[in-house]
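To keep things clear, I will list the structure first and then write my remarks on it.
Order of the sequence lines fixes the chain letters, A, B, ..., with proteins taken first and strands second; residue numbering starts at 1 for each chain.
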Amino acid sequence: MTERLVTLSDVCVRFDGPPVVDHINLTLNRGDIVTIIGPNGAGKTTLIKSVLGIQRITSGTIWRKPEARIGYVPQHLQLQPTLPLSVRRFLMLTGESADTCRQALAQTGVDHLFEASVHHLSGGEKQRVLLARALARSPDLLVLDEPAQGVDINGQAALYDLIRALRDRLNCGVIMISHDLHLVMAATDRVICLNQHVCCSGYPADISTDPAFIETFGQTVAESLAVYHHHHNHRHDLHGDVVESQPAEGCSHHGVH
Amino acid sequence: MAFIDAILGDFFWRALLGGLGVALVAGPLGCFVVWRRMAYFGDTLAHSALLGIALGFLFQLPLNLAIAGTCVALALVLVVLARSRTLATDTLLGILAHSALAIGLVTLSFMPQVRVDLSGYLFGDLLAMSRNDLGWIYGGATLILILLYRLWRGLLMATIHEELARVEGFPVERLRLALMLMFSLVIAVAMKIVGVLLITALLIIPAATARRLARTPEAMVLLAVVIGMLAVSGGLSLSWFADSPAGPSVVVSAFALFVLVYGVVRQPRT
(Lines give C-alpha, C1' and ligand atoms only; values in the text may rest on other atoms or scores of the structure.)
Protein backbone atom coordinates (compact mmCIF):
# COMPACT_ATOMS: atom_id res chain seq x y z
CA MET A 1 0.00 0.00 0.00
CA THR A 2 1.79 3.11 -1.17
CA GLU A 3 0.61 6.56 -0.28
CA ARG A 4 1.52 9.35 -2.64
CA LEU A 5 2.89 12.51 -1.00
CA VAL A 6 3.98 14.65 -3.94
CA THR A 7 3.67 14.45 -7.69
CA LEU A 8 5.36 16.84 -10.10
CA SER A 9 4.03 16.75 -13.66
CA ASP A 10 5.99 18.43 -16.41
CA VAL A 11 7.30 21.14 -14.09
CA CYS A 12 9.42 23.93 -15.57
CA VAL A 13 11.01 26.87 -13.78
CA ARG A 14 12.53 29.64 -15.81
CA PHE A 15 14.08 32.87 -14.60
CA ASP A 16 15.72 34.93 -17.36
CA GLY A 17 17.07 32.71 -20.09
CA PRO A 18 16.95 28.93 -20.44
CA PRO A 19 14.88 26.88 -18.01
CA VAL A 20 16.55 26.06 -14.70
CA VAL A 21 14.19 23.17 -14.14
CA ASP A 22 13.09 21.55 -17.38
CA HIS A 23 10.01 19.30 -17.70
CA ILE A 24 10.41 17.35 -14.49
CA ASN A 25 8.14 14.43 -13.63
CA LEU A 26 8.54 13.01 -10.18
CA THR A 27 6.46 11.11 -7.65
CA LEU A 28 7.36 10.62 -4.02
CA ASN A 29 5.58 8.07 -1.84
CA ARG A 30 5.48 7.73 1.92
CA GLY A 31 8.54 5.77 3.02
CA ASP A 32 10.62 6.66 -0.06
CA ILE A 33 14.02 8.27 0.08
CA VAL A 34 14.77 10.08 -3.14
CA THR A 35 18.13 11.76 -3.57
CA ILE A 36 18.79 14.42 -6.16
CA ILE A 37 22.34 14.65 -7.41
CA GLY A 38 23.79 16.79 -10.13
CA PRO A 39 26.47 19.36 -10.89
CA ASN A 40 26.41 22.91 -9.53
CA GLY A 41 23.78 25.00 -11.23
CA ALA A 42 21.74 21.94 -12.18
CA GLY A 43 18.58 23.36 -10.60
CA LYS A 44 18.54 21.02 -7.60
CA THR A 45 17.66 23.66 -5.03
CA THR A 46 15.14 25.29 -7.37
CA LEU A 47 13.48 21.90 -7.83
CA ILE A 48 13.06 21.20 -4.13
CA LYS A 49 11.88 24.75 -3.51
CA SER A 50 9.18 24.02 -6.07
CA VAL A 51 8.28 20.88 -4.11
CA LEU A 52 8.12 22.99 -0.95
CA GLY A 53 5.86 25.52 -2.66
CA ILE A 54 8.21 28.47 -2.09
CA GLN A 55 9.33 28.70 -5.72
CA ARG A 56 6.83 29.84 -8.33
CA ILE A 57 6.84 27.39 -11.23
CA THR A 58 6.64 28.60 -14.82
CA SER A 59 4.59 25.70 -16.13
CA GLY A 60 3.44 22.23 -15.15
CA THR A 61 1.59 21.15 -12.04
CA ILE A 62 2.53 20.11 -8.54
CA TRP A 63 0.21 17.98 -6.46
CA ARG A 64 0.78 17.71 -2.74
CA LYS A 65 -1.14 15.46 -0.38
CA PRO A 66 -3.62 17.78 1.32
CA GLU A 67 -2.66 18.67 4.89
CA ALA A 68 0.75 17.03 4.45
CA ARG A 69 3.18 18.42 6.98
CA ILE A 70 6.57 19.29 5.55
CA GLY A 71 9.80 19.43 7.51
CA TYR A 72 12.47 21.44 5.76
CA VAL A 73 16.19 21.58 6.39
CA PRO A 74 17.50 24.51 4.35
CA GLN A 75 20.96 24.67 2.84
CA HIS A 76 22.18 27.76 4.63
CA LEU A 77 21.26 28.73 8.12
CA GLN A 78 22.91 32.07 8.49
CA LEU A 79 21.74 33.49 11.75
CA GLN A 80 22.06 37.12 12.62
CA PRO A 81 24.35 37.31 15.65
CA THR A 82 22.35 40.35 16.74
CA LEU A 83 19.38 38.09 17.49
CA PRO A 84 19.88 36.22 20.77
CA LEU A 85 18.41 32.76 20.34
CA SER A 86 18.69 29.47 22.19
CA VAL A 87 18.19 26.08 20.56
CA ARG A 88 15.12 25.62 22.78
CA ARG A 89 13.54 28.85 21.56
CA PHE A 90 14.46 28.12 17.94
CA LEU A 91 12.74 24.74 18.09
CA MET A 92 9.75 26.01 20.02
CA LEU A 93 9.04 28.60 17.34
CA THR A 94 7.51 25.65 15.48
CA GLY A 95 4.68 25.99 17.99
CA GLU A 96 5.43 22.55 19.48
CA SER A 97 5.83 21.89 23.21
CA ALA A 98 9.19 21.88 25.01
CA ASP A 99 8.85 18.10 25.52
CA THR A 100 8.31 17.44 21.83
CA CYS A 101 11.27 19.64 20.95
CA ARG A 102 13.56 17.93 23.43
CA GLN A 103 12.54 14.51 22.14
CA ALA A 104 13.23 15.63 18.57
CA LEU A 105 16.70 16.75 19.64
CA ALA A 106 17.24 13.39 21.34
CA GLN A 107 16.33 11.63 18.09
CA THR A 108 19.11 13.45 16.27
CA GLY A 109 21.49 12.92 19.19
CA VAL A 110 21.95 16.50 20.35
CA ASP A 111 19.56 16.89 23.29
CA HIS A 112 22.48 18.20 25.39
CA LEU A 113 22.28 21.36 23.27
CA PHE A 114 18.73 22.21 24.37
CA GLU A 115 19.76 25.31 26.30
CA ALA A 116 22.74 26.27 24.11
CA SER A 117 22.83 29.39 21.96
CA VAL A 118 22.35 28.73 18.26
CA HIS A 119 25.30 31.01 17.63
CA HIS A 120 27.75 28.61 19.29
CA LEU A 121 26.92 25.48 17.29
CA SER A 122 29.44 23.68 15.08
CA GLY A 123 28.51 22.83 11.49
CA GLY A 124 27.50 19.27 12.38
CA GLU A 125 25.53 20.35 15.44
CA LYS A 126 23.72 22.98 13.44
CA GLN A 127 22.62 20.41 10.84
CA ARG A 128 21.35 18.07 13.58
CA VAL A 129 19.49 20.90 15.29
CA LEU A 130 17.89 21.85 11.97
CA LEU A 131 16.93 18.23 11.39
CA ALA A 132 15.46 18.04 14.89
CA ARG A 133 13.47 21.19 14.20
CA ALA A 134 12.02 19.58 11.09
CA LEU A 135 11.22 16.41 13.08
CA ALA A 136 9.50 18.32 15.87
CA ARG A 137 6.73 19.12 13.41
CA SER A 138 6.17 15.33 12.89
CA PRO A 139 6.45 15.68 9.13
CA ASP A 140 4.90 13.51 6.45
CA LEU A 141 7.60 14.72 4.12
CA LEU A 142 11.16 15.64 4.98
CA VAL A 143 12.98 17.92 2.53
CA LEU A 144 16.72 18.27 3.01
CA ASP A 145 19.02 20.55 1.04
CA GLU A 146 22.55 19.20 1.40
CA PRO A 147 22.05 17.97 4.95
CA ALA A 148 25.69 16.93 5.40
CA GLN A 149 27.13 20.32 4.54
CA GLY A 150 29.86 21.35 6.94
CA VAL A 151 29.92 17.91 8.55
CA ASP A 152 33.15 15.91 8.69
CA ILE A 153 33.40 12.61 6.81
CA ASN A 154 32.54 10.31 9.73
CA GLY A 155 29.70 12.56 10.70
CA GLN A 156 28.38 12.49 7.15
CA ALA A 157 27.97 8.70 7.12
CA ALA A 158 26.31 8.87 10.53
CA LEU A 159 23.97 11.62 9.36
CA TYR A 160 22.79 9.64 6.33
CA ASP A 161 22.28 6.58 8.56
CA LEU A 162 20.25 8.75 10.88
CA ILE A 163 18.07 10.03 8.03
CA ARG A 164 17.34 6.46 7.01
CA ALA A 165 16.57 5.45 10.57
CA LEU A 166 14.23 8.42 10.94
CA ARG A 167 12.45 7.47 7.74
CA ASP A 168 11.90 3.98 9.19
CA ARG A 169 10.70 5.34 12.51
CA LEU A 170 8.44 8.12 11.25
CA ASN A 171 7.45 6.43 8.00
CA CYS A 172 7.76 9.73 6.19
CA GLY A 173 8.92 10.46 2.67
CA VAL A 174 12.37 11.99 2.24
CA ILE A 175 13.64 14.07 -0.63
CA MET A 176 17.17 15.38 -0.37
CA ILE A 177 19.94 17.00 -2.33
CA SER A 178 23.40 15.66 -1.88
CA HIS A 179 26.91 15.97 -3.19
CA ASP A 180 28.19 13.06 -1.16
CA LEU A 181 27.69 10.58 -3.95
CA HIS A 182 29.44 7.57 -2.44
CA LEU A 183 27.51 7.91 0.82
CA VAL A 184 24.19 8.62 -0.83
CA MET A 185 24.33 5.50 -2.92
CA ALA A 186 24.09 3.39 0.22
CA ALA A 187 21.50 5.53 1.97
CA THR A 188 18.87 6.11 -0.67
CA ASP A 189 16.15 4.14 -2.45
CA ARG A 190 16.15 6.14 -5.62
CA VAL A 191 18.57 8.58 -7.21
CA ILE A 192 17.66 11.31 -9.64
CA CYS A 193 20.51 12.78 -11.59
CA LEU A 194 19.51 16.31 -12.47
CA ASN A 195 21.01 18.66 -14.98
CA GLN A 196 18.07 21.02 -15.59
CA HIS A 197 16.21 17.96 -16.92
CA VAL A 198 16.33 14.50 -15.40
CA CYS A 199 19.45 12.96 -16.94
CA CYS A 200 18.66 9.60 -15.47
CA SER A 201 16.99 8.13 -12.43
CA GLY A 202 16.68 4.76 -10.77
CA TYR A 203 18.11 2.52 -8.11
CA PRO A 204 21.61 3.33 -6.94
CA ALA A 205 23.03 0.05 -8.22
CA ASP A 206 21.69 0.57 -11.73
CA ILE A 207 22.34 4.23 -12.06
CA SER A 208 26.11 4.11 -11.86
CA THR A 209 26.16 2.15 -15.11
CA ASP A 210 23.67 4.40 -16.87
CA PRO A 211 25.31 6.14 -19.85
CA ALA A 212 23.66 9.44 -18.91
CA PHE A 213 25.05 9.22 -15.43
CA ILE A 214 28.52 8.50 -16.74
CA GLU A 215 28.15 11.40 -19.12
CA THR A 216 27.26 13.81 -16.34
CA PHE A 217 29.61 12.64 -13.66
CA GLY A 218 32.41 11.12 -15.73
CA GLN A 219 33.73 7.62 -16.11
CA THR A 220 35.98 7.79 -13.08
CA VAL A 221 33.18 8.65 -10.71
CA ALA A 222 30.87 6.02 -12.10
CA GLU A 223 33.53 3.31 -11.90
CA SER A 224 34.62 4.15 -8.43
CA LEU A 225 32.01 5.92 -6.37
CA ALA A 226 34.26 5.51 -3.37
CA VAL A 227 36.56 8.25 -4.61
CA TYR A 228 34.25 10.99 -5.60
CA HIS A 229 36.05 14.08 -6.80
CA HIS A 230 33.17 15.72 -8.61
CA HIS A 231 34.70 15.55 -12.08
CA HIS A 232 32.43 16.36 -14.96
CA ASN A 233 32.67 15.81 -18.64
CA HIS A 234 31.40 19.31 -19.10
CA ARG A 235 31.82 22.63 -17.43
CA HIS A 236 29.61 25.65 -17.12
CA ASP A 237 30.64 28.89 -18.76
CA LEU A 238 30.23 32.30 -17.13
CA HIS A 239 26.56 32.44 -18.11
CA GLY A 240 25.87 29.10 -16.49
CA ASP A 241 25.46 27.33 -19.81
CA VAL A 242 26.78 23.82 -20.11
CA VAL A 243 29.97 23.64 -22.13
CA GLU A 244 30.01 20.11 -23.53
CA SER A 245 33.21 18.27 -24.08
CA GLN A 246 31.18 15.38 -25.54
CA PRO A 247 29.46 15.49 -28.94
CA ALA A 248 26.83 18.16 -29.27
CA GLU A 249 23.86 15.88 -28.44
CA GLY A 250 25.05 15.95 -24.83
CA CYS A 251 22.62 14.92 -22.21
CA SER A 252 19.52 16.06 -23.97
CA HIS A 253 18.78 13.00 -26.07
CA HIS A 254 18.39 10.84 -23.00
CA GLY A 255 15.25 12.72 -22.20
CA VAL A 256 13.23 11.76 -19.18
CA HIS A 257 13.63 8.24 -17.93
CA MET B 1 -8.28 63.93 37.65
CA ALA B 2 -6.82 67.15 39.00
CA PHE B 3 -3.47 65.41 39.33
CA ILE B 4 -3.55 64.12 35.76
CA ASP B 5 -4.64 67.53 34.59
CA ALA B 6 -1.76 69.15 36.41
CA ILE B 7 0.68 66.78 34.76
CA LEU B 8 -0.80 67.25 31.31
CA GLY B 9 -0.80 70.99 31.89
CA ASP B 10 2.94 71.11 32.28
CA PHE B 11 5.07 71.08 29.16
CA PHE B 12 7.91 69.14 30.79
CA TRP B 13 5.66 66.28 31.92
CA ARG B 14 3.91 66.20 28.56
CA ALA B 15 7.30 65.90 26.89
CA LEU B 16 8.33 63.11 29.24
CA LEU B 17 5.06 61.20 28.77
CA GLY B 18 5.35 61.54 24.99
CA GLY B 19 8.97 60.41 25.00
CA LEU B 20 8.21 57.38 27.15
CA GLY B 21 5.32 56.44 24.86
CA VAL B 22 7.60 56.51 21.83
CA ALA B 23 10.29 54.50 23.65
CA LEU B 24 7.62 51.86 24.33
CA VAL B 25 7.34 51.05 20.62
CA ALA B 26 10.77 52.17 19.43
CA GLY B 27 12.22 49.32 21.55
CA PRO B 28 10.58 46.35 19.79
CA LEU B 29 10.65 47.95 16.32
CA GLY B 30 14.29 48.97 16.84
CA CYS B 31 15.09 45.31 17.56
CA PHE B 32 13.62 44.34 14.20
CA VAL B 33 15.66 47.08 12.51
CA VAL B 34 18.82 45.65 14.10
CA TRP B 35 17.92 41.99 13.44
CA ARG B 36 16.91 42.52 9.84
CA ARG B 37 19.71 45.03 9.07
CA MET B 38 17.22 47.70 8.13
CA ALA B 39 18.96 50.75 9.61
CA TYR B 40 19.35 52.43 6.25
CA PHE B 41 15.79 51.55 5.36
CA GLY B 42 14.56 53.24 8.55
CA ASP B 43 16.62 56.29 7.70
CA THR B 44 15.04 56.48 4.27
CA LEU B 45 11.52 56.28 5.65
CA ALA B 46 12.36 58.96 8.21
CA HIS B 47 13.71 61.29 5.53
CA SER B 48 10.52 60.88 3.55
CA ALA B 49 8.60 62.18 6.57
CA LEU B 50 9.59 65.70 5.61
CA LEU B 51 8.00 65.17 2.22
CA GLY B 52 4.93 64.03 4.15
CA ILE B 53 4.88 67.30 6.06
CA ALA B 54 5.09 69.30 2.84
CA LEU B 55 2.25 67.28 1.31
CA GLY B 56 0.23 67.68 4.50
CA PHE B 57 0.49 71.47 4.28
CA LEU B 58 -0.20 71.40 0.54
CA PHE B 59 -3.41 69.37 0.83
CA GLN B 60 -4.28 70.61 4.34
CA LEU B 61 -4.25 67.14 5.89
CA PRO B 62 -3.47 66.32 9.52
CA LEU B 63 0.33 66.20 9.59
CA ASN B 64 0.67 62.86 11.40
CA LEU B 65 -1.61 61.25 8.86
CA ALA B 66 0.31 62.80 5.95
CA ILE B 67 3.63 61.62 7.37
CA ALA B 68 2.46 58.06 8.00
CA GLY B 69 0.84 57.93 4.56
CA THR B 70 3.97 59.16 2.78
CA CYS B 71 6.13 56.66 4.69
CA VAL B 72 3.82 53.80 3.73
CA ALA B 73 3.81 54.88 0.08
CA LEU B 74 7.59 55.11 0.04
CA ALA B 75 7.93 51.73 1.75
CA LEU B 76 5.75 50.16 -0.94
CA VAL B 77 7.74 51.84 -3.73
CA LEU B 78 10.92 50.50 -2.15
CA VAL B 79 9.59 46.95 -1.98
CA VAL B 80 8.57 47.03 -5.64
CA LEU B 81 11.82 48.63 -6.85
CA ALA B 82 13.98 46.30 -4.76
CA ARG B 83 12.21 43.34 -6.36
CA SER B 84 13.03 44.54 -9.88
CA ARG B 85 16.73 44.49 -8.95
CA THR B 86 17.81 47.22 -11.35
CA LEU B 87 19.94 48.84 -8.65
CA ALA B 88 21.48 47.60 -5.43
CA THR B 89 19.18 48.18 -2.47
CA ASP B 90 21.53 50.57 -0.67
CA THR B 91 21.89 52.69 -3.82
CA LEU B 92 18.13 52.77 -4.18
CA LEU B 93 17.71 53.75 -0.52
CA GLY B 94 20.30 56.49 -0.88
CA ILE B 95 18.52 57.93 -3.89
CA LEU B 96 15.06 57.84 -2.33
CA ALA B 97 16.11 59.05 1.13
CA HIS B 98 17.77 62.22 0.00
CA SER B 99 15.43 62.90 -2.89
CA ALA B 100 12.42 62.66 -0.58
CA LEU B 101 14.10 65.02 1.90
CA ALA B 102 15.08 67.47 -0.85
CA ILE B 103 11.69 67.40 -2.55
CA GLY B 104 10.09 68.04 0.83
CA LEU B 105 12.33 71.06 1.47
CA VAL B 106 11.78 72.48 -2.01
CA THR B 107 8.00 72.01 -1.77
CA LEU B 108 7.91 73.77 1.59
CA SER B 109 9.85 76.71 0.15
CA PHE B 110 7.14 77.17 -2.51
CA MET B 111 4.56 77.77 0.20
CA PRO B 112 5.55 81.11 1.74
CA GLN B 113 2.22 81.33 3.56
CA VAL B 114 3.24 78.26 5.57
CA ARG B 115 5.61 79.24 8.31
CA VAL B 116 7.29 76.12 9.60
CA ASP B 117 10.00 75.67 12.15
CA LEU B 118 12.24 73.48 10.01
CA SER B 119 14.72 72.66 12.75
CA GLY B 120 11.82 71.40 14.84
CA TYR B 121 11.04 68.81 12.18
CA LEU B 122 14.66 67.92 11.55
CA PHE B 123 15.77 67.61 15.17
CA GLY B 124 12.54 67.29 17.11
CA ASP B 125 10.48 69.67 19.14
CA LEU B 126 9.87 67.63 22.23
CA LEU B 127 9.09 70.52 24.55
CA ALA B 128 6.27 71.72 22.26
CA MET B 129 4.36 68.47 22.78
CA SER B 130 0.61 69.12 22.82
CA ARG B 131 -2.18 67.01 24.31
CA ASN B 132 -3.17 66.19 20.77
CA ASP B 133 0.34 64.88 20.07
CA LEU B 134 0.13 62.72 23.18
CA GLY B 135 -3.11 61.25 21.87
CA TRP B 136 -1.42 60.36 18.59
CA ILE B 137 1.57 58.80 20.33
CA TYR B 138 -0.42 56.61 22.71
CA GLY B 139 -2.99 55.70 20.05
CA GLY B 140 -0.23 54.70 17.64
CA ALA B 141 1.70 52.87 20.35
CA THR B 142 -1.36 50.85 21.38
CA LEU B 143 -2.02 49.84 17.78
CA ILE B 144 1.62 48.82 17.25
CA LEU B 145 1.81 46.84 20.49
CA ILE B 146 -1.37 44.94 19.66
CA LEU B 147 -0.05 44.12 16.19
CA LEU B 148 3.33 43.03 17.54
CA TYR B 149 1.73 40.81 20.16
CA ARG B 150 -0.53 39.09 17.67
CA LEU B 151 2.07 38.64 14.94
CA TRP B 152 5.05 37.97 17.18
CA ARG B 153 5.86 34.33 16.36
CA GLY B 154 5.54 34.88 12.62
CA LEU B 155 7.57 38.09 12.66
CA LEU B 156 10.33 36.42 14.65
CA MET B 157 10.35 33.29 12.46
CA ALA B 158 10.40 35.34 9.23
CA THR B 159 13.31 37.33 10.67
CA ILE B 160 15.30 34.22 11.58
CA HIS B 161 14.75 32.37 8.30
CA GLU B 162 12.31 33.57 5.70
CA GLU B 163 12.09 30.30 3.74
CA LEU B 164 11.58 28.17 6.83
CA ALA B 165 8.84 30.56 7.89
CA ARG B 166 7.21 30.27 4.48
CA VAL B 167 7.35 26.45 4.50
CA GLU B 168 5.79 26.45 7.95
CA GLY B 169 2.87 28.45 6.62
CA PHE B 170 3.56 31.97 7.89
CA PRO B 171 2.35 34.71 5.49
CA VAL B 172 5.82 36.18 5.07
CA GLU B 173 4.85 38.89 2.57
CA ARG B 174 1.98 40.16 4.68
CA LEU B 175 4.16 40.13 7.78
CA ARG B 176 6.76 42.25 6.02
CA LEU B 177 4.03 44.66 4.99
CA ALA B 178 2.77 44.84 8.57
CA LEU B 179 6.28 45.62 9.76
CA MET B 180 6.58 48.42 7.19
CA LEU B 181 3.28 49.88 8.33
CA MET B 182 4.45 49.81 11.93
CA PHE B 183 7.71 51.52 10.99
CA SER B 184 5.80 54.23 9.16
CA LEU B 185 3.53 54.77 12.12
CA VAL B 186 6.37 54.93 14.64
CA ILE B 187 8.22 57.42 12.45
CA ALA B 188 5.13 59.61 12.22
CA VAL B 189 4.83 59.74 16.00
CA ALA B 190 8.56 59.74 16.88
CA MET B 191 9.29 62.73 14.67
CA LYS B 192 7.98 65.03 17.36
CA ILE B 193 10.55 63.67 19.80
CA VAL B 194 13.82 63.55 17.92
CA GLY B 195 13.05 64.76 14.41
CA VAL B 196 13.63 63.30 10.97
CA LEU B 197 17.40 63.11 11.19
CA LEU B 198 17.65 61.35 14.55
CA ILE B 199 14.76 58.86 14.49
CA THR B 200 16.93 55.94 13.40
CA ALA B 201 19.16 56.58 16.41
CA LEU B 202 16.20 56.25 18.77
CA LEU B 203 15.34 52.95 17.10
CA ILE B 204 18.72 51.25 16.90
CA ILE B 205 20.82 52.56 19.81
CA PRO B 206 18.62 51.15 22.62
CA ALA B 207 18.19 47.86 20.69
CA ALA B 208 21.91 47.51 20.06
CA THR B 209 22.61 48.28 23.73
CA ALA B 210 20.07 45.68 24.84
CA ARG B 211 21.74 43.00 22.70
CA ARG B 212 24.69 42.87 25.11
CA LEU B 213 22.42 42.13 28.05
CA ALA B 214 19.80 39.80 26.60
CA ARG B 215 19.61 36.03 26.17
CA THR B 216 16.27 35.83 24.39
CA PRO B 217 14.59 37.96 21.72
CA GLU B 218 11.85 38.93 24.16
CA ALA B 219 14.36 40.02 26.82
CA MET B 220 16.13 42.11 24.20
CA VAL B 221 12.86 43.85 23.35
CA LEU B 222 12.03 44.59 26.99
CA LEU B 223 15.54 45.85 27.71
CA ALA B 224 15.44 48.04 24.60
CA VAL B 225 12.22 49.60 25.92
CA VAL B 226 13.76 50.23 29.35
CA ILE B 227 16.96 51.65 27.84
CA GLY B 228 14.93 53.85 25.50
CA MET B 229 12.92 55.16 28.44
CA LEU B 230 16.10 55.86 30.42
CA ALA B 231 17.50 57.71 27.40
CA VAL B 232 14.34 59.84 27.12
CA SER B 233 14.37 60.68 30.83
CA GLY B 234 18.10 61.37 30.82
CA GLY B 235 17.91 63.50 27.71
CA LEU B 236 15.02 65.56 29.02
CA SER B 237 16.79 66.13 32.32
CA LEU B 238 19.90 67.23 30.49
CA SER B 239 17.78 69.57 28.41
CA TRP B 240 16.08 70.93 31.55
CA PHE B 241 19.23 71.58 33.54
CA ALA B 242 21.70 72.46 30.78
CA ASP B 243 19.20 74.11 28.44
CA SER B 244 20.37 71.86 25.57
CA PRO B 245 18.11 70.98 22.60
CA ALA B 246 15.80 68.18 23.79
CA GLY B 247 15.85 65.80 20.78
CA PRO B 248 19.63 65.63 20.39
CA SER B 249 19.98 65.36 24.19
CA VAL B 250 17.86 62.18 24.12
CA VAL B 251 20.12 60.68 21.47
CA VAL B 252 23.23 61.73 23.41
CA SER B 253 21.99 60.03 26.55
CA ALA B 254 21.09 56.88 24.54
CA PHE B 255 24.61 56.87 23.17
CA ALA B 256 26.07 57.32 26.65
CA LEU B 257 24.14 54.24 27.82
CA PHE B 258 25.41 52.31 24.80
CA VAL B 259 29.04 53.19 25.56
CA LEU B 260 28.53 52.39 29.24
CA VAL B 261 27.03 48.95 28.61
CA TYR B 262 29.57 47.97 25.94
CA GLY B 263 32.36 49.18 28.22
CA VAL B 264 31.17 47.15 31.20
CA VAL B 265 29.84 44.03 29.47
CA ARG B 266 32.62 42.85 27.20
CA GLN B 267 30.97 39.70 25.83
CA PRO B 268 27.47 39.24 24.48
CA ARG B 269 25.73 36.78 26.76
CA THR B 270 24.81 34.39 23.97
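- The distance from the NE2 atom of B:His161 to the CZ atom of A:Phe90 is 7.5 Å, given to the nearest 0.5 Å.
- Heavy-atom minimum distance, A:Pro84 versus B:Ala214: CB-O, 3.7 Å.
- In this structure the side chain of B:Glu168 never reaches within 4.5 angstrom of the side chain of A:Leu93, judged on heavy atoms.
- Shown here is B:Tyr262, whose OH atom has more than 12 heavy atoms of other residues, nucleotides or ligands within 6.0 Å.
- The candidate from B:Arg36, B:Met220, B:Glu218 with the greatest count of non-hydrogen atom pairs under 4.5 Å with chain A is B:Glu218.
- The 12-atom threshold is not exceeded at OH of B:Tyr149, counting heavy atoms of other residues, nucleotides or ligands nearer than 6.0 Å.
- Scanning both residues, A:Gly95 and B:Arg153, for their nearest heavy atoms gives N-NH1, 3.2 Å.
- If you measure heavy-atom distances from A:Leu79 to chain B, the contacts under 4.5 Å come from the side chain alone.
- Only the side chain of A:Arg133 comes within contact range of chain B, judged by heavy atoms closer than 4.5 Å.
- Heavy atoms only, all atoms of each residue included: A:Thr82 and B:Arg211 are closest at O-CD, 2.9 Å.
- The closest side-chain heavy-atom distance from A:Leu83 to B:Pro217 is below 4.5 Å.
- Of all the listed residues (A:Thr94, A:Val73, A:Ile70), the one sharing the greatest number of non-hydrogen pairs under 4.5 Å with chain B is A:Thr94.
- Once rounded to the nearest 0.5 Å, the distance linking CD1 of A:Ile54 with CD of B:Glu163 reads 4.0 Å.
- Separation of atoms CZ (A:Arg89) and CZ (B:Arg215) is listed at 15.0 Å; rounding is to 0.5 Å.
- By the 4.5 Å heavy-atom criterion applied to side chains, B:Trp35 and A:Leu85 are not counted as neighbours.
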